[in-house]
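Each remark here refers to the structure printed beneath this line.
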Amino acid sequence: MSQDLVIELMQNVFMLILELSAPVMIVSIVVGLIVSIFQTITQIQESTLTFVPKIIAGVFTIIILMPWMLNVFVSSVKEMFNFIPNLL
């Protein structure tokens, strides 16, 4: 197994991780920003107020995008399994 194959495999794994985690992270950032703006406008200084909306938004995002995430994951795993004969 050459070093180039290992690097290519690791790049594919990291790109898959980024592709699957990006929607949840973006939604959490947007919700956190909205809650922070709301806190600034109303002058509420509760530090725990941002966690609950972010968690709820993240869970809803995962629930809504789960079919897409599963399809992307399964197709990537199939590609990796098809890549195994090149390693031998």
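Taken from CZ in F14 to CG in L18, the straight-line distance is 9.0 Å, to the nearest 0.5 Å. For the atom pair S76 OG and M15 CE, the distance stands at 10.5 Å (nearest 0.5 Å). Separation of atoms CG (L70) and CG (L65) is listed at 12.0 Å; rounding is to 0.5 Å. One finds the CH2 atom of W68 at 6.0 Å from the CG atom of L20 (value rounded to the nearest 0.5 Å). Rounding to the nearest 0.5 angstrom, the gap separating the CD1 atom in I63 from the CE atom in M69 is 11.5 Å. Taken from CG in L33 to OG in S28, the straight-line distance is 12.5 Å, to the nearest 0.5 Å.
Between E79 and N12 there is no side-chain heavy-atom pair separated by less than 4.5 Å. The shortest distance between side-chain heavy atoms of F38 and I44 falls below 4.5 Å. With contacts defined as side-chain heavy-atom distances shorter than 4.5 Å, the pair T40/Q45 does not qualify. Residues I29 and K54 are not in side-chain contact: their nearest non-hydrogen atoms beyond the backbone lie 4.5 Å or more apart. Side-chain atoms of M80 and V13, non-hydrogen and from C-beta on, do get closer than 4.5 Å to each other. Using a 4.5 Å heavy-atom cutoff, the side chains of E8 and D4 are not in contact.
Closest of all the heavy-atom pairs between Q39 and E46 is NE2-O, 2.6 Å. Residues G58 and V24 approach most closely at CA-CG1, 4.2 Å, considering heavy atoms.
One hydrophobic cluster, built from ILVMFWY side chains closer than 4.5 Å, cannot hold both I56 and V30; they sit in different ones. L49 and I34 end up in different hydrophobic clusters when Ile, Leu, Val, Met, Phe, Trp and Tyr side chains are linked at under 4.5 Å. Hydrophobic clustering (side-chain heavy atoms under 4.5 Å, transitive across Ile, Leu, Val, Met, Phe, Trp, Tyr) keeps M66 apart from I26. Under a hydrophobic-cluster definition in which Ile, Leu, Val, Met, Phe, Trp and Tyr are linked whenever side-chain heavy atoms come within less than 4.5 Å, directly or via other members, V52 and F60 are assigned to the same cluster.
Within 6.0 Å of CZ in F73 there are 12 or fewer heavy atoms belonging to other residues, nucleotides or ligands.
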